[in-house]
Enquirer: 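For reference, the structure I am asking about is given below.
Naming: A, B, ... by sequence-line order, numbering from 1 per chain.
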Number of protein chains: 2
Amino acid sequence: MKKIKFKCWVEEEGEKFYGPGPHQLVKSIQEEGSLSKAAGQMNMSYKKAWDLVQRLNNNSEEAWVILKKGGQHGGGAEITPHAIKAMQEYEKLQQKISELLQQQEDLIKVLK
Amino acid sequence: MKKIKFKCWVEEEGEKFYGPGPHQLVKSIQEEGSLSKAAGQMNMSYKKAWDLVQRLNNNSEEAWVILKKGGQHGGGAEITPHAIKAMQEYEKLQQKISELLQQQEDLIKVLK
DNA sequence: TACCGATATATACGCGAATACACAACGAAA
DNA sequence: TTTCGTTGTGTATTCGCGTATATATCGGTA
């Protein structure tokens, strides 16, 4: 059984900015309140996750994730309203493409 | 300047079957009439190209590429009507997605 | 039957990416 | 000022994958 898959992401100057990976990470940060926990949950190295957050924050006018270090509980991470808005739009877009693909089964019919 | 990119491909049992790479290769075979020339033109190793053709032929009821070895010119490669049809449908699909993305600029507006 | 150019196939190698690891820095609270 | 768990950062090592290399195979033609 053949299936059509797709992936969409945002680039800036040819470099990947936001895609499925970052999306899942930010989502996980929102749930966990901690970058290290979020990374661990999705089986990503902390370093990779940290680099990713830097990329998001440094290449946007508005920050995506606020990292706090120190304090009684060592610190934590939380996402901004801007991140929430962007995540919603990204999911909307995925949904639209997904709907389009369901209507376009011509390719599948040809492939047997 | 941020841009939305996408990629779509066909999978079977979780394994990639047909996507941008194979598409370009088959197209190149059509133009060159030779697998080695097609691979060389798109800077792909001959082995990779050959493996790719096997995958297409072995996982379809109808063959995509006919490889001929020996003969005055050593052999050659040509694509079947089935491959032509499939390529057309794949390009149609890409076009449809591309049009959809142009209409959906909400995500880009959020990302600054 | 020798030649030629392209297909066919296995094995060896090298490079970059990803990851694992180690440890320093931090700051609020007790 | 000690404790705590997280963020922050560099370094080392492993791993996967593509690629290079080598060689066999094929069959029409001259």
Enquirer: Rounded to the nearest Å, what distance is computed from the CG atom of residue B:Leu35 to the C1' atom of nucleotide C:dT9?
Expert: 13 Å
Enquirer: Between P on C:dA8 and CG on B:Asn58, what's the gap in Å once rounded to a whole number?
Expert: 11 Å
Enquirer: Please report the distance, rounded to the nearest Å, between CG in A:Leu52 and C1' in D:dG8.
Expert: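 The distance from CG of A:Leu52 to C1' of D:dG8 comes to 16 Å, rounded to the nearest Å.
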Enquirer: In whole Å, I'd like the distance from the CD atom of B:Glu32 to the P atom of C:dT7.
Expert: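 From B:Glu32 CD to C:dT7 P: 11 Å.
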Enquirer: Between B:Lys69 and A:Tyr46, which is nearer to the 5' end of DNA chain D once each is assigned its nearest nucleotide?
Expert: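 Upstream on the strand: A:Tyr46.
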Enquirer: Can you tell me if B:Lys68 has over 12 outside heavy atoms packed within less than 6.0 Å of its NZ?
Expert: no
Enquirer: Can a donor-acceptor pair be found, under 3.5 Å and without considering hydrogens, that links the side chain of B:Thr80 to the backbone of B:Ala83?
Expert: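 Side chain of B:Thr80 to backbone of B:Ala83: a pair is present.
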Enquirer: Between A:Lys16 (NZ) and C:dA17 (P), how many Å, whole number?
Expert: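 From A:Lys16 NZ to C:dA17 P: 13 Å.
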Enquirer: Quick one: A:Ile66 CD1 to D:dT6 C1', roughly how many Å, whole number?
Expert: 16 Å
Enquirer: I'd like to know if A:Glu89 and A:Lys92 make a salt bridge, using a cut-off of under 4.0 Å between side-chain N and carboxylate O.
Expert: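 Yes, this pair counts.
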Enquirer: Looking at D:dG18, I'd like to know if its phosphate oxygens (OP1 or OP2) sit under 4.0 Å from a side-chain N or O belonging to B:Ser45.
Expert: no
Enquirer: Whole angstrom is fine here: how far is it from CG in B:Asp51 over to P in C:dT7?
Expert: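 Computing the B:Asp51:CG to C:dT7:P distance gives 14 Å.
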Enquirer: Assuming nearest nucleotide by heavy-atom distance, tell me which of A:Gln54 and A:His73 is located more 5' along DNA chain D.
Expert: A:His73
Enquirer: Please list every donor-acceptor pair under 3.5 Å in which a side-chain atom of residues 13-21 of chain A meets a protein atom from a residue at least two apart or in another chain.
Expert:
{"from": "A:Tyr18", "atom 1": "OH", "to": "A:His23", "atom 2": "ND1", "distance (Å)": "2.6"}

Enquirer: Assign each of B:Lys37 and A:Asn43 to its nearest nucleotide of DNA chain C by heavy atoms, then name whichever residue's nucleotide is nearer the 5' end.
Expert: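 Whichever sits nearer the 5' end wins; that is B:Lys37.
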Enquirer: In terms of the nearest nucleotide of DNA chain C, which residue is placed more toward the 5' end: A:Lys48 or A:Gly74?
Expert: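 It is A:Lys48 whose nearest nucleotide is closer to the 5' end.
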Enquirer: Are any side-chain N or O atoms of A:Asn57 and backbone N or O atoms of A:Trp64, one a donor and one an acceptor, separated by less than 3.5 Å?
Expert: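 Confirmed, A:Asn57 side chain pairs with A:Trp64 backbone.
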Enquirer: Are OP1 or OP2 of D:dG8 and a side-chain N or O of A:Lys47 less than 4.0 angstrom apart?
Expert: no
Enquirer: Choosing from C:dT19, C:dT9, D:dG8, which nucleotide comes nearest the side chain of A:Trp50?
Expert: D:dG8
Enquirer: Look at the side-chain N and O atoms of B:Ser34 and state whether any lies under 4.0 Å from the OP1 or OP2 oxygen of C:dT7.
Expert: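 Indeed, a polar side-chain atom of B:Ser34 lies that close.
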